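One-based numbering, in listed order, for ligands and for the atoms of each. Computed from a predicted model, the values in this text were never measured in an experiment. For the single chain, residues carry numbers from 1 onward in sequence order.
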Amino acid sequence: MNETYKQTERDGRDDESLQNRQDSYMSPDEIIALKANYFYPNTMHFYQNPPHIVKGEMQYLYDHMGVKYTDFFAGVTVLNCGHSNPEILDAVHAQLNRLQHTSIIYLTEPMVKLAKALAEVLPGDIQSTFFCNSGTEANEGALLLARMHTGKKGFIAFEGGLHGRSHLTMSVTGIPMWRIDPFLEPDVYFASCFTQVGMSSAAASEVALEEIQSILEAHGNEIAALIVEPIQGNGGMNTPPSDFFVKLGKLLKKHDVLMIVDEVQTGFARTGSWFAIEQFGVVPDIITYAKALGNGIPIGAFSARPEVAKSFNKPSASTLGGNPVSSAAGLAVLDYMKKGDLCGRSKVLGEVLREGLETLKKKHNLIKDVRGMGLMQGAVLDADAGATVDVVLEEMKKRGFIIGKNGLHRNVLAFQPPLVIEEMDIKEMLIALDETLSALPTA
Ligand code: PMP
């Protein structure tokens with residue numbers, strides 16, 4: 001494996017004195033109080049005793065007291081190249097010093113270079129790209145393009161899918177807790193999730209395909225596109241069987257319904273390939289992505305095959321989309337991923353993580369299933385084990401590991417570390433998880 005990043009020392013605390021820290025940083029309680037006063041009451045945070053994170057260094061985070069954590073959530077699958085990756089920061093700083101913003105109505109170089117570099121890694125003949133600022137915006141744009149291309153209005157989406165916070169993207173989101181608008185679009189047909197409790201994924205995906213077939217037969221002439229995550233991240237790492245997308249693609253083609261693949265979580269080497277959909281043997285009509293392309297700098301985009309892309313021919317512009325700084329970050333990310341073979345790294349280390357979690361599943365009854373691909377893995381607990389998941393997160397934090405949670409019932413432990421993580425980090429996390437699960441009162 002090609003190591004292109006700097007190894008950080010596992011020293012527990014960094015060098016700032018405790019007194020300096022207490023003087024210069026807010027306490028977690030102060031931040032919580034300010035949030036309560038100045039944010040809407042809708043924002044939440046992980047942990048009963050949340051750390052105040054002040055520094056990131058590749059796969060490690062540090063809190064305001066200097067305590068070091070190994071990060072297994074990567075800011076929700078954003079920091080694939082690691083926190084404050086020096087090579088990416090250099091590219092961003094250089095661009096910031098040269099030219100920060102003009103808007104897409106002027107000619108600048110980084111945006112077109114990035115679009116060209118993306119075309120080289122995007123699946124099949126997907127070539128045209130529209131840049132925006134987030135995953136929500138990318139999906140909103142993709143849904144719009146599908147309507148413009150087909151002249152049809154409706155959509156098919158999956159229960160367990162998450163696609164964003166705007167009106168249309170929330171309307172196609174299939175997780176009840178994220179569907180907060182009381183007046184969502186009516187023209188969305190939901191199919192069951194391709195993972196169901198008590199069913200094999202082959203059986204569950206057949207149920208979903210049958211439902212989609214019925215929806216298409218009844219409403220195919222009103223439906224523009226189906227939108228799907230190749231692995232449902234927020235829904236709980238729900239992973240379809242390997243033949244699912246080929247079967248799905250055939251159904252959609254028959255009814256002239258486009259396939260939009262949302263790779264906001266799964267994109268950019270996360271699952272062992274540039275995009276997860278490559279491992280399922282289909283080329284979608286439109287693909288959306290965000291998060292890891294900027295490695296922490298806001299960026300989003302949707303890209304389409306030439307046949308579909310040509311329908312996006314009425315004026316549209318995003319003020320900050322394609323700005324030189326985000327584009328420079330994106331170019332540096334692609335470069336770094338190629339040089340460090342992060343796809344290969346995710347595959348190999350993903351196997352280490354998967355095997356370790358499978359071993360823990362055999363030992364701890366609490367773990368009912370392990371699923372995912374590459375360095376996107378989930379350990380599924382019972383549907384009513386949401387409170388236990390919170391205890392595990394808290395205990396793992398005390399042991400120096402930040403892990404995530406997701407799932408329809410917030411019952412899935414999520415492991416999506418920066419792809420620059422070391423095998424040793426994974427093994428240490430697995431030991432800590434074993435200890436944590438063994439110490440639970442229910443174990
Ligand atoms: N799609 C998926 C699969 C996501 O996981 C998310 C957010 N976690 C989004 C879309 C929305 O992205 P953003 O928060 O950047 O708007």
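- Proximity of a side-chain donor or acceptor of R179 to a complementary backbone N or O of T173 within less than 3.5 Å is detected.
- The immediate protein surroundings of ligand 1, defined as residues with any heavy atom under 4.0 Å of it, consist of S134, G135, T136, N139, L162, H163, R165, E229, D262, V264, Q265, K291.
- Taking the charged nitrogens against the carboxylate oxygens, K68 and E57 have no contact shorter than 4.0 Å, which rules out a salt bridge.
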(request) Would you check, one step at a time, whether the test side chain to side chain donor-acceptor pair (under 3.5 Å) holds for T436 with R399? (result) CA-CA 9 Å; T436 299; R399 288 172 160 85; 3.2 Å; yes
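- Look at E229 and R270 and you find no salt bridge, because none of the NZ, NE, NH1 or NH2 atoms lies under 4.0 Å from a carboxylate O.
- Taking the six-membered ring wherever Trp is involved, the centroid distance between the rings of F268 and F275 falls below 6.0 Å.
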(request) Could you check Y189 against H219 for side chain to side chain donor-acceptor pair (under 3.5 Å), going step by step and ending with a plain yes or no? (result) CA-CA 9 Å; Y189 301 90; H219 308 283; 3.2 Å; yes
